[in-house]
Amino acid sequence: MKKARDLHLLLKTIRRSSTSTTTHSKMDPSDRYCFSPILRWNPEVENYFIKAYGADHFSIISKALTRPSSYSCVRVNTLKSTSDAVIEKLLEIIKEKGFDGDCHGKEGSGPNENVGSPLEESLKNGPIVKCPIPGLEYVLFVKGTGPHMIDYGYVPGAPPKEVIVGRKCAEAVLRGAQVFVPGVMACSAHVEKGDTVAVSAAIEQRNPNGGWSIGITRGTVLQGSQTDPYYFERSGLYVGQGTATMSRAGLFRASEGIAVDMNNRVFRLPSFYDVLDGEIFLQNLPSIVTAHALDPQKGERILDMCAAPGGKTTAIAILMKDEGELVAIDRSHNKDIQKLAAEMSLTCITTYKLDVLKAIRQRNEADDANTNQSSNSLRFDEEKASSSTAEGFNLDKTCEDNVSNAIENGGTYVSKADIRKAKRRMRNGPGRNQCVGGRVENSKGFYPDSFDRVLLDAPCSALGLRPRLFAGEETIDSLKRHATYQRRMFDQAVKLVRPGGVIVYSTCTINPGENEALVRYALDTYKFLSLASQNPRIGGPGLVGSFESPDGRTEEWLRPGEEEFVQRFDPSSSLDTIGFFIAKFSVGTKDV
């Protein structure tokens, strides 16, 4: 518990010391040119969340969701490097890139009781610190700064040149991205390459049909007057200042590339895109904790049910020391998982393209199972042979022997062309763009009770992701649909895990209907399931109680005593994470 309090204090200190209160005399007195967004919700959804959290708390959550975390969370691949080695490399990269964030800023300081603490002192040694939680020392926090007040050069009667970007582009800019051409919606007249421009966001507005849309035709010319589209709506939605990399004509003629080089941001975080491939992975802290909650062990057979893009999959593989079998399934983007696994030199991961709702294989498909098993055995042998090349093994003979063994064990015929392809893979190795296996295999599912542990990081409403500048698209009905789909996926997980095994369920949403209500469904439906304690435990407790909707339907959440078994990450808490939820279940004897 002490280490958990240390982590809360550390991240609270990072957030406090990152805040800037700098002002500029040229700022527009109306505060138009600033960043002070108000998150818009569907009225029914807003009322639902107010009843769940209370009006004041939900208001704080909404504000926190509009801003990025005050730090980047970096996971070190401990199979290839160490935290100390990575810190040294990242500090050098930060120095080379000239990151201008005030990593030791004194402005915006908070309560005096934290000043001079060991955690505060550790921040004075540099912008990167290790997580103080035992077992999470390989997690690094890289401090950022913001929000910064930016002088956009406003002069009465002469507004600054401006570029309006779409909402998703603006959210990416807040996370540290550049403005790319497809994200530009409108631009001031006479913008030339090299001009300084203010960048603002166009947020969805209600349309006559009752839906939401951005009512700007791409290529619109901004005159800097109140007749400009979204003139009033984009007040307080300025995400920074940058340099145009092309003229106005070029912005709407080009199909790709950087449109604005963002060199003066409201929030400043060092960018580690395409840096130290295979050694580090940028991942939110709750996602890392999820892998630890699963507690994977060497030699086990584990299933990641909704695995793309592979962050949690690779985290689990590293915790297993790359020993065992980790099956990663997803309906799409499986090659992303393969590439990431190849970068990290992980060999225990097998990817399949499979709809989670069709994950159960019927027992009358034994012939297909034998064929699939032989194919998997051949691919596994190829990977082993590939990893043995440095030891001087004969690749051609190894490959041919693998094929012969597969056929003898009941596998299908493998052509000489396939053998030649396998040899080339073994020689070349699994590079970034040449994944092990060469393609994503389809699967007809898996037999019941065939996995020791199952992770269901379920597709959800994603209402915990930040920064978020708009939330009006979700309705009560859409939230219900998410919850129904998640229950169907959870049913599959229960069938696939063996008695005595573990299921971990997680989402990146603040919606209790997809979190606590799923736990209630699981415990009431499957009497052999019980909530299990999690380690490490750094998130807060779950929500106890229920919600009665206007139509009389009651949504049951947790009961007293259950709240401490789950972890709920509140985006407004001192941890300063995304909104997230984790529940862990122990599986008893299924015939109870």
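Summarising the geometry of M246 relative to A254, their closest heavy-atom pair is SD-CB, 4.2 Å, with the distance given to 0.1 Å. For the residue pair F281 and G311, the shortest heavy atom distance occurs at CE2-CA, 3.5 Å. The shortest heavy-atom contact between P127 and I94 is CG-CD1, 4.2 Å. Closest approach of S69 to L269, counting heavy atoms only: O-CD1, 3.9 Å. When all heavy atoms are compared, the tightest approach of Y231 to G224 is CE1-O, 4.5 Å. Y152 and A198 get closest at one heavy-atom pair: CD2-CB, 3.4 Å.
No side-chain donor from either of T507 and T509 sits under 3.5 Å from a side-chain acceptor of the other. S506 and D457 share a donor-acceptor pair across their side chains, judged by distance under 3.5 Å alone. Side-chain contact annotation: E474 with S461, donor-acceptor N/O pair under 3.5 Å absent. Judged by distance alone, the side chains of S83 and E137 never bring a donor and an acceptor atom under 3.5 Å apart. If you check the side chains of S572 and D570, you find a donor sitting under 3.5 Å from an acceptor.
You'll find the side chain of F141 stays beyond 4.5 Å of the side chain of K130, heavy atoms only. Under the 4.5 Å side-chain criterion, counting only non-hydrogen atoms from C-beta, F35 is not in contact with H148. In this structure, Y238 and V199 have side chains that are not in contact, with every pair of non-hydrogen atoms separated by 4.5 Å or more. With a 4.5 Å cut-off on side-chain heavy atoms, I150 and V266 count as touching. For the pair K193/T245, no side-chain contact is recorded, criterion being any heavy-atom separation below 4.5 Å from C-beta on. T475 has its side chain out of reach of E44: every pair of non-hydrogen atoms, C-beta onward, lies at least 4.5 Å apart. Considering only heavy atoms from C-beta on, M185 stays 4.5 Å or farther from T217 through its side chain. Between V45 and I476 there is a side-chain heavy-atom pair separated by less than 4.5 Å.
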Requested in this report: Just do the side chain to side chain donor-acceptor pair (under 3.5 Å) check on T243 and D195 with the steps written out, would you?
Outcome: CA-CA 6 Å; T243 302; D195 284 353; over 6 Å; no
Requested in this report: Please lay out, stage by stage, how V260 and F180 fare under the test side-chain contact (heavy atoms from CB on, under 4.5 Å).
Outcome: CA-CA 7 Å; V260 180; F180 289 87; over 6 Å; no
Report task. Show the numbers, then the answer: is there a side-chain contact (heavy atoms from CB on, under 4.5 Å) between M489 and C306? Result -> CA-CA 10 Å; M489 288 187 287; C306 302; 4.0 Å; yes
Requested in this report: Determine, step by step, whether F569 and F581 satisfy the ring pair (Phe, Tyr, Trp, His ring centres under 6.0 Å) criterion, reporting the C-alpha distance in whole Å, the side-chain angles of both residues, the deciding distance to 0.1 Å, and the verdict.
Outcome: CA-CA 6 Å; F569 291 82; F581 180 85; 9.6 Å; no
Requested in this report: Check step by step if salt bridge (Lys or Arg N to Asp or Glu O under 4.0 Å) holds for E192 and R248.
Outcome: CA-CA 6 Å; E192 300 295 336; R248 174 191 157 76; over 6 Å; no
Requested in this report: For the pair Y71 and V129, evaluate side-chain contact (heavy atoms from CB on, under 4.5 Å) and give the outcome as yes or no after the intermediate values.
Outcome: CA-CA 10 Å; Y71 59 91; V129 293; over 6 Å; no
Requested in this report: Using the side-chain contact (heavy atoms from CB on, under 4.5 Å) rule, take R265 and V239 through it: C-alpha gap first, then chi angles, then the decisive distance, then the call.
Outcome: CA-CA 6 Å; R265 302 170 181 272; V239 297; over 6 Å; no
Report task. Using the ring pair (Phe, Tyr, Trp, His ring centres under 6.0 Å) rule, take Y33 and Y154 through it: C-alpha gap first, then chi angles, then the decisive distance, then the call. Result -> CA-CA 8 Å; Y33 297 98; Y154 171 81; 5.5 Å; yes
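For an aromatic pair to be called close, the ring centres must be under 6.0 Å apart, and W41 with F58 satisfies this.
Counting only distance, with no hydrogens or angles, the side chain of D261 and the backbone of G242 share no donor-acceptor pair below 3.5 Å. The backbone N or O of Q283 lies less than 3.5 Å from no partner atom in the side chain of S287, so there is not a single donor-acceptor pair. Remark: the backbone N or O of M262 is paired with a side-chain donor or acceptor of Q178 at under 3.5 angstrom. A distance-only check finds no donor-acceptor pair linking the side chain of S213 to the backbone of G215 [under 3.5 Å]. Proximity of a side-chain donor or acceptor of W212 to a complementary backbone N or O of N207 within less than 3.5 Å is not detected. Here the side chain of T351 pairs no donor or acceptor atom with the backbone of A328 at under 3.5 angstrom. Distance alone, capped at 3.5 Å, is enough to place a donor-acceptor pair between the T314 side chain and the G310 backbone.
Annotation: R206, atom CZ; neighbour count of heavy atoms from other residues, nucleotides and ligands within 6.0 Å is above 12. Around the CG atom of D56, the shell of radius 6.0 Å holds no more than 12 heavy atoms that belong to other residues, nucleotides or ligands. Atom CD of E473 has more than 12 neighbouring heavy atoms from other residues, nucleotides or ligands inside a 6.0 Å radius. Within a 6.0 Å sphere centred on CD of E256, heavy atoms belonging to other residues, nucleotides or ligands number 12 at most. The environment of K63 atom NZ is sparse: at most 12 non-hydrogen atoms of other residues, nucleotides or ligands sit within 6.0 angstrom.
Atom NZ of K339 and atom CE of M344 lie 15.0 Å apart (nearest 0.5 Å). Note that SG of C460 is 9.0 Å distant from CG of N511, once rounded to the nearest 0.5 Å. Distance check: L543 CG to I510 CD1 gives 10.0 Å after rounding to the nearest 0.5 Å. For the atom pair I164 CD1 and R218 CZ, the distance stands at 12.5 Å (nearest 0.5 Å). If you take OG on S72 and CG on L285, they are separated by 12.5 Å, rounding to the nearest 0.5 Å. Rounded to the nearest 0.5 angstrom, E343 CD and N77 CG are separated by 10.5 Å.
Salt bridge D576/R466: present, at least one basic N to carboxylate O contact under 4.0 Å. Between E171 and R468 there is no salt bridge, since none of the side-chain N atoms of the basic residue sits less than 4.0 Å from a carboxylate O of the acidic one. A salt bridge does not link E204 with R40: every distance from a Lys NZ or Arg NE/NH1/NH2 to an Asp or Glu carboxylate oxygen is 4.0 Å or more. Between E162 and R234 there is a salt bridge, since at least one side-chain N of the basic residue sits less than 4.0 Å from a carboxylate O of the acidic one.
Between Y48 and F547, the two ring planes are perpendicular [angle over 60°; tilted spans 30° to 60°].
Of the candidates R75, K89, K80, E279 forms a salt bridge (Lys or Arg N to Asp or Glu O under 4.0 Å) with just one, namely K89. Shown are I349, L455, I329; of these, the side-chain contact (heavy atoms from CB on, under 4.5 Å) with D304 is made only by L455.
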